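Below: the structure, in C-alpha cells.
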Amino acid sequence: MAHCGSSGPGYKSPLDAMKGPREELIYVPCIYRNTGINKPDYLATVDVNRKSAHYSQVIHRLPMPNVNDELHHSGWNACSSCFGDPTKVRDKLILPCLISSRVYVVDVGTDPRAPRIHKVVEGDDIKEKCGLAYMHTSHCLGCGDVMINTLGDPEGNGKGGFVLLDAETFEVKGNWEKKGQAAPFAYDFWYQPRHNVMISTEWGAPKAFIGGFNPDDLAAGHYGHHLHVWDWKTHTRIQSLDLGDDGQIPLEIRFLHNPDAAQGFVGCALSSSIFHFFKAKNGKWAAEKVIQVPAKKVQGWALPEMPGMITDILISLDDRFLYFSNWLHGDVRQYDICDTRHPKLVGQVFLAGSILSDGPVTVLDDPELQHQPDPVIVKGKKVPGGPQMIQLSLDGKRLYLTTSLYSGWDKQFYPDMICNGSVMLQIDVDTHNGGLKLNPDFMVDFGKEPHGPALAHECRYPGGDCSSDIWV
C-alpha cells in the first residue's frame, strides 16, 4: 500500500491513482493543547475497512514525546512526485508542529497499523539554520527532499519561508527560498513544475492568531489577502496577487491534478469565497472570484454577520469536482468544475456549525436557507464544531472529515468541542450526477479517548491522497 511495485511511490498519473486500492487506514493527528489536558498530542490510526471488526475505531495511538506541540498538517517523505524512482518508498509520515516548530518523522512502513517515532527535528535546529518557525504544510519533492513552509519568524511575526529536509536523513538542509525572498505571511503551497511555478497563500502573523481571532488584528494588517507566485527553478518570488476584501485569509490552495494544467482554486476563509487562479495569455498569473458563500445576518453571535468560513478545499483526482467545508455555517459543498470559471453546485450537506436550530444564534436574514438546519446525530452523538478538514478517497466516492480547525480558534468559536472532543465523519459521494449523503454508520468520537477529549485534525491514507500527491 505504501508503494506500487518497483516503480517507486505513488502512481504514474492522477487517473491511475483513482484505480488504486480502497483505503483501510487513516492517520489523524489529535491535539491536547488548549484543552486543559496536559498530555502530548498523538497520531491516531483509524480503521476504515468496512469488513473489519474495528471499523470506525481508533486502533492505535502514538503519543509525541513533548506537550503543547499543536500537531496540525502532515505530509510524506515520498509521493507520486517520485514515481519512477524504485529507490523511494512512501514509509515516513511528516508531522510539522504549528506551535513548537518541531517536526516529527513517523515510521508507518514497518507496521502501518502501529506507527512509531523515527526521528524528531527540534524547532531550535530549524530556527538556528533557517530563521523560521511555526511549521505548517509539508510536501515531498521529486528531487528527494521534503519541503515545509512556515508561518512566521521565531518572534511570532509573519514570515512565509520554506524549510528543506533531506528525505533520507531528515537533517535540516536550510531554506528553499533565496535570501530576502520570504513572503509576509504564509499558510499553504502547491507546486506545478511543468509551468515552473509554485503558489503560496496567507493566514496571518502567528502572534495575531495564536490566542484566537480578533477583528482588530484584521484591520491592523496582521492577516493576509495575497497569493504569492514563485519561480520554481530560481526559488524567487516573482508576483503577488492581491485578492482584496473578497479574498481575506486565503488558506488551502489546489492546482488541478493534471500536471499540464496552469490553473487551480484557493479557498478564502474569512471572505467565504473561492478564487480561480490561472496563467494568463501574457504569461502572468491572475485570479478571479468564482464562488461566494453569502454571510448570514445573525443575533446572539460575536458579530452581526457570520461568514461561512471556508477552511479546507479539495479537488477530485479527475479534476471534475471541487469540495469545500464551511466551518461556521456547518455545511460541506460539492461543485462541478468542468467549466473552471463557472463552478456549479451539485451537492451539499449540513452536519454541524454555529447556526443550528437548537443553538444560541438566531439567523435574521439568510440568502440561501429558509430555515436554520437541525443538529445532526450520528451513533447517538450530536456532531460538535463544524466540518473542517476534508479528505477524499482515491476513487472519489467517500469524503472523510474532522471538525477541529486549530485549538486556539476551537476554544473561541466552539468551546463545547473542547469539553466534548471532535469527531470524524464520512460522506458518500455521487460521482455521476453529484450529491453528498452522510454515512450514518461511521463516526469516530474523539471525546471518548483514554486521556480525555481530543481535537482531531487532518486525515492521511498510507497510500497517498488528493491533497498530498503532486505529479511532475
Side-chain angles (χ1 to χ4, degrees), residues 72-73 98 134 136-137 149-153 156-162 177 181-190 197-230 237-255 263-280 284-295 302-303 305-313 322 324-329 340-341 343 388 405-406 408-409 412-413:
H72 200 60
H73 287 198
L98 187 58
Y134 303 95
H136 196 265
T137 299
N149 76 332
T150 66
L151 307 192
D153 64 18
N157 303 300
K159 189 175 183 182
F162 303 86
E177 76 281 3
Q181 290 291 309
F185 302 114
Y187 184 82
D188 194 20
F189 70 99
W190 197 282
V197 69
M198 179 180 78
I199 301 181
S200 63
T201 63
E202 298 188 325
W203 185 4
K207 63 182 180 182
F209 68 69
I210 195 169
F213 178 72
N214 184 339
D216 292 341
D217 288 325
L218 183 71
H222 297 314
Y223 286 95
H225 47 85
H226 287 83
L227 302 183
H228 299 288
V229 183
W230 303 76
R237 190 156 48 102
I238 57 175
Q239 196 180 349
S240 292
L241 305 178
D242 187 351
L243 304 183
D245 290 341
D246 283 346
Q248 294 284 356
I249 311 185
L251 295 183
E252 305 290 352
I253 187 166
R254 313 287 184 227
F255 267 92
Q263 59 178 324
F265 297 90
V266 60
C268 301
L270 192 59
S271 299
S272 303
S273 59
I274 299 289
F275 274 72
H276 168 240
F277 62 87
F278 56 96
K279 191 174 185 179
K284 296 287 186 179
W285 290 81
E288 58 184 356
K289 186 175 72 170
V290 293
I291 299 172
Q292 178 66 61
V293 177
L303 298 170
E305 289 194 351
M306 182 189 294
M309 191 68 80
I310 297 174
T311 50
D312 197 12
I313 70 171
L322 169 74
F324 65 79
S325 55
N326 283 308
W327 192 56
L328 292 180
H329 287 179
T340 53
R341 300 190 66 178
Q388 209 285 100
L405 172 59
Y406 155 66
W409 288 26
Q412 178 180 6
F413 290 100

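Hydrogens, waters and symmetry mates are skipped; everything else that's a heavy atom, side chains included, is used. Please read these numbers as outputs of a predicted model, since none were measured by experiment.
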Practice item. State which residues pass side-chain hydrogen bond (donor to acceptor under 3.5 Å, both in side chains) with Thr137; sequence neighbours excluded, sorted by chain then number. Key: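 If we apply the side-chain hydrogen bond (donor to acceptor under 3.5 Å, both in side chains) test to Thr137, skipping adjacent residues, the hits are Asp188.
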
Check your understanding: What pairs of residues pass the salt bridge (Lys or Arg N to Asp or Glu O under 4.0 Å) test when at least one of them lies in residues 237-248, not counting sequence neighbours?
Key ->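 Every salt bridge (Lys or Arg N to Asp or Glu O under 4.0 Å) pair that includes a residue of residues 237-248, provided the two are not neighbours, is Asp246-Lys289.
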
Check your understanding: Got a sec, which pairs hit side-chain hydrogen bond (donor to acceptor under 3.5 Å, both in side chains) with one end in residues 206-222, sequence neighbours left out?
Key ->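 As it turns out, the side-chain hydrogen bond (donor to acceptor under 3.5 Å, both in side chains) pairs with a partner in residues 206-222, which skip direct neighbours, are Asn157-Lys207.
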
I need the minimum non-hydrogen distance between [X] and [Y], along with the two atoms involved.
X      : Y      : result
Val197 : Phe255 : CG1-CZ, 3.8 Å
Trp327 : Trp409 : CH2-O, 3.8 Å
Leu227 : Pro250 : CD2-CB, 4.2 Å
Gly308 : Ser272 : N-OG, 2.8 Å
Ala287 : Leu243 : CB-CD2, 3.8 Å
Ser273 : Gln292 : CB-OE1, 3.7 Å

Exercise for review: Would you confirm whether Gln412, through its side chain, and Phe213, through its main-chain N or O, come within 3.5 Å as a donor-acceptor pair?
Suggested key: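 Confirmed, Gln412 side chain pairs with Phe213 backbone.
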
Point to revise | Expected output: side-chain Gln239 to main-chain Trp285 donor-acceptor under 3.5 Å | key: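 Confirmed, Gln239 side chain pairs with Trp285 backbone.
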
Quick one: ring-ring contact (aromatic ring centres under 6.0 Å, His included) partners of [X], sequence neighbours excluded?
X      : result
Phe278 : His276
His225 : none
Phe162 : Trp176, Phe189, Trp230
Phe185 : none

Review point. Are any of the side-chain heavy atoms of Pro307 and Leu328 separated by less than 4.5 Å?
Key: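 Touching, per the 4.5 Å side-chain cut-off.
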
**Study point:** Ile199 side chain near Trp190 side chain, heavy-atom distance below 4.5 Å
**Key:**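 SC-SC contact between Ile199 and Trp190 ruled out.
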
[atom2] on [Y] to [atom1] on [X], rounded to 0.5 Å:
X      : Y      : atom1 : atom2 : result
Tyr406 : Thr311 : OH    : OG1   : 15.0 Å
Ser240 : His228 : OG    : NE2   : 4.5 Å
Leu251 : Asp312 : CG    : CG    : 9.0 Å
Met198 : Ile238 : CE    : CD1   : 10.5 Å
Ile274 : Phe265 : CD1   : CZ    : 8.5 Å
Ile291 : Phe324 : CD1   : CZ    : 5.0 Å

Review point. Sequence neighbours excluded, which residues qualify as side-chain contact (heavy atoms from CB on, under 4.5 Å) partners of Ala219?
Key: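 None.
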
Exercise for review: Quick one: list whatever passes side-chain contact (heavy atoms from CB on, under 4.5 Å) with His136, sequence neighbours left out.
Suggested key: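 Here the qualifying residues are His72, His73, Leu98, Asn149, Leu151, Tyr187.
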
Check your understanding: Mind checking what makes salt bridge (charged side-chain N to carboxylate O under 4.0 Å, His left out) contact with Glu252, not counting sequence neighbours?
Key ->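 Partners of Glu252 under the salt bridge (charged side-chain N to carboxylate O under 4.0 Å, His left out) test: Arg254.
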
Exercise for review: Sequence neighbours left out, what passes salt bridge (charged side-chain N to carboxylate O under 4.0 Å, His left out) with Glu305? Give chain and number order.
Suggested key: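 In terms of salt bridge (charged side-chain N to carboxylate O under 4.0 Å, His left out), with neighbours along the sequence ignored, Glu305 is linked to no residue.
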
